[in-house]
Structure formats: structure tokens, C-alpha cells
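Inspection log for the structure reproduced underneath, given as C-alpha cells.
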Amino acid sequence: MKTIILAIESSCDDTSASILADGVILSNVTANQDAHKEYGGVVPEVASRAHQQNIVPVVDVAIQKAGIAKSDISAIAFTRGPGLIGSLLVGVSFAKAFALSLDIPMIEVNHMQAHVLAHFAEDPKPNFPFLCLTVSGGHTQIVKVTDYLEMEVLGNTIDDAAGEAFDKTGKLLNLEYPAGPIIDKLAQKGEAKFTFAEPNLPELDFSFSGLKTSIYYFLKKEIKTNPNFIDENINDICASVQKAIINSLMIKLIQATEETGIKEIAIAGGVSANSGLRKEIQIEGEKRNWNTYVPRIEFCTDNAAMIAVTGYRKFLNKEFVDQSITPVARWKI
Ligand code: KG4
Ligand code: ZN
């Protein structure tokens with residue numbers, strides 16, 4: 001009999017469900033929430049309510065697409081954290097009810113660990129040990145991965161995450177939330193001709209709050225002499241912002257590969273969908289003889305396939321949790 005995992009992801013503003021059979025993804029269905037756009041960021045209460053509306057239909061579609069029956073499911077994996085507590089609560093509560101009704105085990109999954117293991121959703125898969133630059137809306141980390149569930153964080157952001165740097169800059173530029181994909185698109189038509197303050201942190205840590213301040217004062221100064229500066233230069237501003245963020249990430253990633261001697265290099269998380277970063281990783285990889293792993297966009301942004309892959313590894317180790325489990329907003333990998 002096959003081991004079939006149903007996985008649920010609801011840590012932020014995407015409701016996602018996935019079915020995995022003996023390590024192979026059969027379906028990965030995600031409902032995005034548009035409701036946050038007008039607020040310029042994710043509103044936790046709105047996100048939680050949208051998850052409640054989306055979760056049952058999303059799970060139904062995932063099961064249908066996989067061509068399985070509910071009774072075939074061996075275990076349910078869910079994101080326990082880190083994330084927004086009201087959002088997580090919907091996924092955790094659903095998982096508990098589902099596990100009870102089918103009398104199957106539950107598996108808790110760390111969202112950041114899952115972003116790293118998204119690389120095992122399909123080929124090519126990295127070899128251990130590998131380094132993963134995990135860049136999302138809430139986190140920016142360099143992780144050393146020695147086995148599926150053995151990870152060590154080598155570097156972290158001390159303030160904003162890379163995705164936040166994109167999104168907060170987008171706000172200064174009057175772009176919709178999330179601004180990351182919009183900046184990416186506009187940057188492709190522009191030239192990175194403006195420069196901003198670069199962080200200079202010891203070791204493998206990151207900082208993005210200085211960049212945001214530098215961009216703020218740069219725009220303020222330019223707008224004083226030309227009130228239409230943003231509109232007239234939007235493509236070049238976006239290209240410059242994107243280049244600055246990518247530079248900060250690449251400097252530390254290169255440093256990490258030199259310090260560890262590891263040449264298996266992966267990127268993960270929402271910001272790894274960025275076309276500039278994807279290109280840069282390939283270029284540096286060729287120059288430095290790295291084997292690079294860049295997941296399909298579907299597996300970069302929040303998705304349940306990565307929860308399923310992680311859940312499957314825990315299933316093999318029989319790492320189950322019981323009905324007393326509660327979500328956690330913060331949880332180190
Ligand atoms: O991993 P993710 O989907 O959710 C979190 O766990 O945070 O990441 C979302 C972040 C947002 O900040 C969004 O702006 C950013 O990923 N993002 C991008 C791109 N696509 C998503 N940033 C830059 N370029 C993109 N193409
Ligand atoms: Zn994420």
C-alpha cells in the first residue's frame with residue numbers, strides 16, 4: 001500500500017493543500033488572497049477569515065486532482081509555524097478534525113524547514129550537504145542542510161527580510177502589495193543606475209533596514225526637484241532596488257560557500273521567484289563551479305507540496321503529534 005500524505009499550508013495569506021504518494025507530488029493547489037492589496041500588507045484577521053473560507057474547497061480540489069479517495073490518506077501534515085497565529089490556527093484545527101475523523105496520524109511541519117525541502121518536490125534534487133538561501137517575506141537565512149531534517153542556520157537577517165525590503169520599497173513607490181513580483185517585472189525594463197547604501201555586517205548575517213532608509217531619503221531628495229521623479233524613473237528605480245537587494249544576498253552566499261567549501265547551492269522562499277536572483281545564481285554558479293538548484297516558481301512561494309515533502313520524511317521517522325498540538329508564531333528550524 002502506498003503512503004499518501006495530505007498536507008496543509010496556512011501560515012500567511014495563501015491557503016494550500018497537496019497530496020504526495022510515496023514521495024511523489026500528485027497535486028498542489030493554492031488559493032491566493034487578493035483582499036490584502038488595498039491595505040498594503042497582510043491583515044491577519046482578514047487572512048484568517050479567508051483561510052476559513054478556502055480550506056475545505058482547496059483540500060477537496062487537491063484530493064480530486066490527485067485522483068485518490070479520502071480513505072487512501074495515511075497521514076495529515078500541517079504547518080505548525082512560524083507564521084500568523086490566526087492563519088496557522090485554521091490549518092491546525094482543520095488537520096485535527098481531519099485526523100480525528102479518519103483516525104490517521106498528524107505531523108507538524110516547520111514552514112522554514114519546508115521551504116528548504118521544497119527542492120525535493122521534483123528533480124533535480126540537491127545532494128547533501130547543501131547550502132540553501134531561504135528568502136521570503138518573513139525570513140532571510142543561509143541554511144546548511146546535512147540531511148532531510150538536519151539543518152543549521154549559518155546566517156540570518158538582523159532586521160527586515162529580503163521580501164520585506166521589496167514590499168516596503170514598493171510602498172514608497174506606490175506599488176500594490178506584494179510589491180516583489182511587480183518590482184521584478186518593472187526592473188526587467190530598467191537600468192540599475194542608482195546606488196544605495198550597502199550594509200556591511202560581520203559574519204553571515206543580513207540587514208535590509210538601512211537600504212530602505214537610503215531609498216526613502218533618495219526619493220525624498222529627487223522628488224523635491226522633480227515631483228514626477230518616481231513615475232518618470234520607475235523602471236530604473238526598480239532595477240536599482242532589485243540589484244541592491246540581490247547584491248546583499250549574493251555577497252553573503254558567496255562568503256558562506258567559501259567558508260564551508262560546499263558547492264551544492266539552492267535558493268528557496270518567495271523571493272527566489274525573482275528573475276534577477278535566479279539569473280545571478282546561475283551566473284555565479286557557472287563562475288564558481290557550483291551545482292545550483294532553483295525550484296519552479298510554484299514551489300518557491302508558499303505552497304503545501306513543500307509541507308507534504310517534509311511531512312513524508314517525518315512520517316518515515318514516525319514523528320507524529322497528538323490532538324493537544326497548538327500553532328506557534330515563532331519557531332526556529
Ligand atoms: O515565501 P513567501 O510566499 O511567503 C512567506 O513565507 O513570506 O514569500 C512572499 C514574499 C513577498 O515578500 C513577495 O513580495 C516576495 O516573496 N516575492 C518576490 C517575488 N515573488 C514573490 N520578490 C521579488 N521578486 C519576485 N518575483
Ligand atoms: Zn513562506
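Counting from 1, the numbers follow the sequence of the chain as shown. Atoms within a ligand are numbered from 1 in the order they appear, just like the ligands themselves.
- Checking Thr169, Leu172, Asn233 one by one against Leu219, the side-chain contact (heavy atoms from CB on, under 4.5 Å) holds for a single residue, Leu172.
- Both Ile262 and Ile281 are members of a single hydrophobic cluster when ILVMFWY side chains are connected at heavy-atom separations under 4.5 Å.
- Remark: distances from the non-hydrogen atoms of His111 to ligand 1 include one below 4.0 Å.
- Under a 4.0 angstrom heavy-atom cut-off, His115 registers as being in contact with ligand 1.
- Under 2.8 Å from the Zn ion (ligand 2) lies an N/O/S atom of His115, whether from backbone or side chain.
- At a cut-off of 2.8 Å, His139 does not coordinate the Zn ion (ligand 2) through any N, O or S atom.
- Per-residue contacts place Ala273 under 4.0 angstrom from the following atoms of ligand 1 (heavy atoms of the residue considered): 20 (N), 26 (N).
- For atom 25 (C) of ligand 1, the nearest non-hydrogen atom from the set Cys300, Gly180, Ala268, Ser136 belongs to Gly180.
- Closest to atom 17 (N) of ligand 1, if we only count protein heavy atoms, is Gly270 O, 3.5 Å.
- When hydrogens are left out, the protein atom nearest atom 26 (N) of ligand 1 is Asp184 OD2, 2.9 Å; that is the closest non-hydrogen contact.
- The aromatic rings of His115 and His111 sit perpendicular, their planes meeting at an angle over 60°, well past the 30° parallel limit.
- Closest approach between the Zn ion (ligand 2) and any N/O/S atom of Asp302 involves OD1.
- Here atom 5 (C) of ligand 1 lies nearest to Asp302 when heavy atoms of Ile245, Asp302, Ile182 are compared.
- Closest N/O/S atom of His111 to the Zn ion (ligand 2): NE2.
- Atom 24 (N) of ligand 1 has Asn274 ND2, 3.0 Å as its closest protein atom, hydrogens excluded (heavy atom only).
- Annotation for ligand 1: atoms under 4.0 Å from non-hydrogen atoms of Pro178 are 14 (O).
- A tilted orientation is assigned to the rings of Phe120 and Phe130, their planes being inclined by 30° to 60°.
- Every heavy atom of Cys12 sits 4.0 Å or more from the atoms of ligand 1.
- Ligand 1 places these atoms under 4.0 Å from at least one heavy atom of Gly163: 12 (O).
- To the nearest 0.5 angstrom, Ser48 atom OG is 9.0 Å from Leu84 atom CG.
- The single protein non-hydrogen atom nearest to atom 7 (O) of ligand 1 is Gly137 N, 2.8 Å, given as residue, atom name and distance.
- Side chain of Ser214 to main chain of Gly210: no donor-acceptor pair is present (N/O by atom type, distance under 3.5 Å, no hydrogens or angles).
- Shown in contact with Gly138 at under 4.0 Å from a heavy atom are these atoms of ligand 1, numbered in order with element: 7 (O).
- Atom 12 (O) of ligand 1 has as its closest protein heavy atom Asp167 OD2, 2.6 Å.
- For Lys96, the NZ atom is densely surrounded, since the number of other residues' heavy atoms within 6.0 Å is greater than 12.
- Using a 4.0 Å cut-off between a side-chain N of Lys or Arg and a carboxylate O of Asp or Glu, Glu191 and Lys193 do not qualify as a salt bridge.
- Aromatic pair Phe229/Phe218: centroids less than 6.0 angstrom apart.
- Judged by distance alone, the side chain of Asn110 and the main-chain N or O of Trp331 form a donor-acceptor pair under 3.5 Å.
- Salt-bridge formation is detected for the pair Arg288/Glu258: a Lys NZ or Arg NE/NH1/NH2 atom is positioned less than 4.0 Å from an Asp or Glu carboxylate oxygen.
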